[in-house]
Enquirer: 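Have a look at this one before I ask anything.
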Amino acid sequence: MTELIDFPASGRFDDPVTERLFRKQRLAASFRLFSRFGFDEGVAGHITARDPERTDHFWVNPYGVHFGHVRVSNLILVNEQGDVVDGEGDLNWSAFAIHSQVHAARPDVVAAAHAHSVHGKAWSSLGRFLEPITQDVCAFYEDHGLFDDYTGVVLDIEEGKRIAHALGGHKAVILRNHGLLTVGHSVDEAAWWFITMERSCQAQLLASAAGTPIPISHEMASLTWAQVGSPAVGRFCFKPLLARIMREQPDLLD
């Protein structure tokens with residue numbers, strides 16, 4: 001069985017072949033985790049990873065394959081026109097319409113994650129930013145956008161451009177009446193930001209239902225963002241989840 005590739009101590013890979021496999025392994029693991037957490041909703045949802053060599057191409061899950069069945073070998077590579085150029089399977093055009101524009105607008109972004117998770121889509125229906133009411137949500141303090149519109153299933157590239165614009169330079173964007181989208185400088189980051197943002201939506205909904213949450217002050221929320229919202233923290237928080245899913249479902253590396 002293929003072994004899990006570790007992030008190099010130097011912080012960079014010496015060759016694109018190893019880096020490509022590293023990203024694909026993390027991508028497959030992220031889908032398994034999304035399935036484990038119940039983020040799947042029929043065929044909706046996608047996580048993408050930019051190819052390290054052909055940087056205008058990205059790897060994504062094949063359309064119609066359950067998150068819990070994604071593995072390294074069935075990921076597909078898509079070019080800038082939406083053609084599948086490596087792997088077997090169909091492309092979810094919504095994935096291309098959104099993610100191609102996010103990757104194009106943000107060359108610093110390696111990965112982007114979007115799913116129709118229950119609490120994320122519930123919170124998105126309010127058309128509001130997340131408030132700094134917990135330590136964890138401060139990772140998104142003044143670091144997430146709001147796409148304040150809904151025009152149906154995203155199939156138009158122009159709609160993807162509007163979403164990328166709403167994302168701006170942030171790590172996440174709330175898509176009104178739709179759900180959440182997160183990005184990262186690594187697959188690990190993008191997946192962790194999505195997981196913790198979904199939980200933050202849940203916490204916000206629960207707290208608001210129980211009473212009036214007391215917000216953290218701007219000064220303390222900004223300080224906490226610096227403590228819990230960095231790329232390094234995102235990668236590190238993903239690490240124990242990766243270890244767990246690897247122990248439970250090692251076949252994801254096939």
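Predicted model only: the values in this text are computed from it and were never measured. Throughout, numbering of the chain's residues begins at 1 and tracks the sequence.
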Enquirer: Could you check Leu77 against Asp51 for side chain to side chain contact (heavy atoms under 4.5 Å, CB included), going step by step and ending with a plain yes or no?
Expert: CA-CA 8 Å; Leu77 181 65; Asp51 187 81; 4.1 Å; yes
Enquirer: Go through the side-chain N and O atoms of Ser100 and Glu80 and say whether any donor and acceptor fall under 3.5 Å apart.
Expert: no
Enquirer: Enter the distance from Arg235:CZ to Trp192:CH2 here, rounded to the nearest 0.5 Å.
Expert: 14.5 Å
Enquirer: Do you know the tightest heavy-atom contact between Gly168 and Arg106?
Expert: O-NH1, 2.8 Å
Enquirer: Roughly how far, to the nearest 0.5 Å, is CG of Asp136 from CD1 of Ile195?
Expert: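 Going from CD1 on Ile195 over to CG on Asp136, the span is 12.5 Å.
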Enquirer: Identify whether the distance between the nearest side-chain nitrogen and carboxylate oxygen of Lys239 and Asp188 falls below 4.0 Å.
Expert: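 The answer is no: the pair does not qualify as a salt bridge.
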Enquirer: Using modelled atom types only, decide if a donor and an acceptor are shared between the side chain of Glu198 and the backbone of His119 within a distance under 3.5 Å.
Expert: yes
Enquirer: If you measure from NE2 on His103 to CG on Asp108, what distance do you get to the nearest 0.5 Å?
Expert: 11.0 Å
Enquirer: Under the 3.5 angstrom rule, does the side chain of Lys171 hit a backbone N or O of Ser230 as a donor-acceptor pair?
Expert: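 No, Lys171 side chain to Ser230 backbone: no donor-acceptor pair under 3.5 Å.
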Enquirer: Checking Gln135 against Thr224 for the side chain to side chain donor-acceptor pair (under 3.5 Å) test, could you report, in this order, the C-alpha distance in whole Å, the side-chain angles of both residues, the deciding distance, and whether it holds?
Expert: CA-CA 7 Å; Gln135 175 175 297; Thr224 309; over 6 Å; no
Enquirer: For atom CD of Glu88, is the number of surrounding heavy atoms from other residues, nucleotides or ligands below 6.0 Å larger than 12?
Expert: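 Not buried by this count: 12 neighbours or fewer within 6.0 Å.
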Enquirer: Where do Ile133 and Ile214 land on the side chain to side chain contact (heavy atoms under 4.5 Å, CB included) test, with the steps shown first?
Expert: CA-CA 6 Å; Ile133 64 167; Ile214 300 171; over 6 Å; no
Enquirer: Look only at the side chain of His66 and the backbone of Gly68, and say whether a donor-acceptor pair between them is shorter than 3.5 Å.
Expert: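 Flag set: sc His66 to bb Gly68 pair under 3.5 Å.
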Enquirer: So, taking the atom named CG in Leu155 and the one named OG in Ser94, what distance separates them when rounded to the nearest 0.5 Å?
Expert: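 One gets 4.5 Å once the value is rounded to the nearest 0.5 Å.
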Enquirer: When you look at Leu253 and Met246, which way does the side chain to side chain contact (heavy atoms under 4.5 Å, CB included) test go after all the steps?
Expert: CA-CA 9 Å; Leu253 295 181; Met246 279 302 306; 3.4 Å; yes
Enquirer: Can you see which heavy atom on Ala139 is nearest to which on Trp193, and at what distance?
Expert: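 Distance-wise, the nearest heavy atoms are CB-CZ3, 4.0 Å.
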Enquirer: Are Val109 and Leu175 connected into the same hydrophobic cluster when the rule is that any two of I, L, V, M, F, W, Y join if their side-chain heavy atoms are below 4.5 Å apart?
Expert: yes
Enquirer: Mark yes or no: Arg36 above the aromatic ring of Phe31, with NZ or CZ under 6.0 Å from the six-membered ring centre and no more than 45 degrees from the axis.
Expert: no
Enquirer: Does atom CH2 of Trp93 have more than 12 heavy-atom neighbours, drawn from other residues, nucleotides or ligands, at distances under 6.0 Å?
Expert: yes
Enquirer: Do Met197 and Leu126 land in one hydrophobic cluster if side-chain heavy atoms of ILVMFWY residues count as linked below 4.5 Å?
Expert: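 Same cluster: Met197 reaches Leu126 through Ile, Leu, Val, Met, Phe, Trp or Tyr contacts under 4.5 Å.
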Enquirer: When rounded to the nearest 0.5 angstrom, what distance separates CZ in Arg128 from SG in Cys201?
Expert: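 Between atom CZ of Arg128 and atom SG of Cys201 there are 11.0 Å.
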Enquirer: I want to know whether His46 and His114 have ring centres closer than 6.0 Å.
Expert: yes
Enquirer: Would you say the side-chain atoms of Ser10 pair up with the backbone N or O of Arg12, donor to acceptor, closer than 3.5 Å?
Expert: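 Yes, because the side chain of Ser10 sits within donor-acceptor range (under 3.5 Å) of the backbone of Arg12.
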Enquirer: Where is the tightest heavy-atom contact between Ala113 and Phe194, given as atom of each residue plus distance?
Expert: O-CD1, 3.8 Å
Enquirer: Should side-chain heavy atoms under 4.5 Å link Ile, Leu, Val, Met, Phe, Trp and Tyr, which residues sit in the same cluster as Ile216?
Expert: Met220, Leu223
Enquirer: Does the side chain of Glu159 come within less than 4.5 Å of Thr151's, by heavy atoms?
Expert: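 In contact.
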Enquirer: Flag yes if Leu252 and Val70 sit in one hydrophobic cluster, no otherwise; membership is Ile, Leu, Val, Met, Phe, Trp, Tyr, and two members link when side-chain heavy atoms are under 4.5 Å apart.
Expert: yes
Enquirer: Backbone N or O of Ala122 within a donor-acceptor pair of the Ser125 side chain at under 3.5 Å?
Expert: yes
Enquirer: When you group the ILVMFWY residues by side-chain heavy-atom contacts below 4.5 Å and let the links chain together, are Phe39 and Trp123 in the same group?
Expert: yes
Enquirer: Do the non-hydrogen side-chain atoms of Val137 and Glu131 ever get within less than 4.5 Å of each other?
Expert: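 A side-chain contact is absent here, since even the closest heavy-atom pair is not under 4.5 Å.
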Enquirer: Tell me if the aromatic rings of Phe129 and Phe140 count as close, with their centers under 6.0 Å from one another.
Expert: no
Enquirer: For the residue pair Phe7 and Phe13, does the interplanar ring angle fall in the parallel (under 30°), tilted (30 to 60°) or perpendicular (over 60°) class?
Expert: perpendicular
Enquirer: Check whether any side-chain heavy atom of Asn61 lies under 4.5 Å from a side-chain heavy atom of Ile47, and answer yes or no.
Expert: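 Side-chain contact under 4.5 Å: no.
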Enquirer: Is there a chain of hydrophobic side chains (I, L, V, M, F, W, Y, each step under 4.5 Å between heavy atoms) that links Trp59 to Ile76?
Expert: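 No, separate clusters.
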Enquirer: Would a distance-only check, ignoring hydrogens and angles, find a side-chain to backbone donor-acceptor pair under 3.5 Å from Thr182 to Ala190?
Expert: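 Yes: the side chain of Thr182 pairs with the backbone of Ala190.
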Enquirer: Would you check if Glu248 and Arg32 make a side-chain contact, meaning some heavy-atom pair closer than 4.5 Å?
Expert: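 SC-SC contact between Glu248 and Arg32 ruled out.
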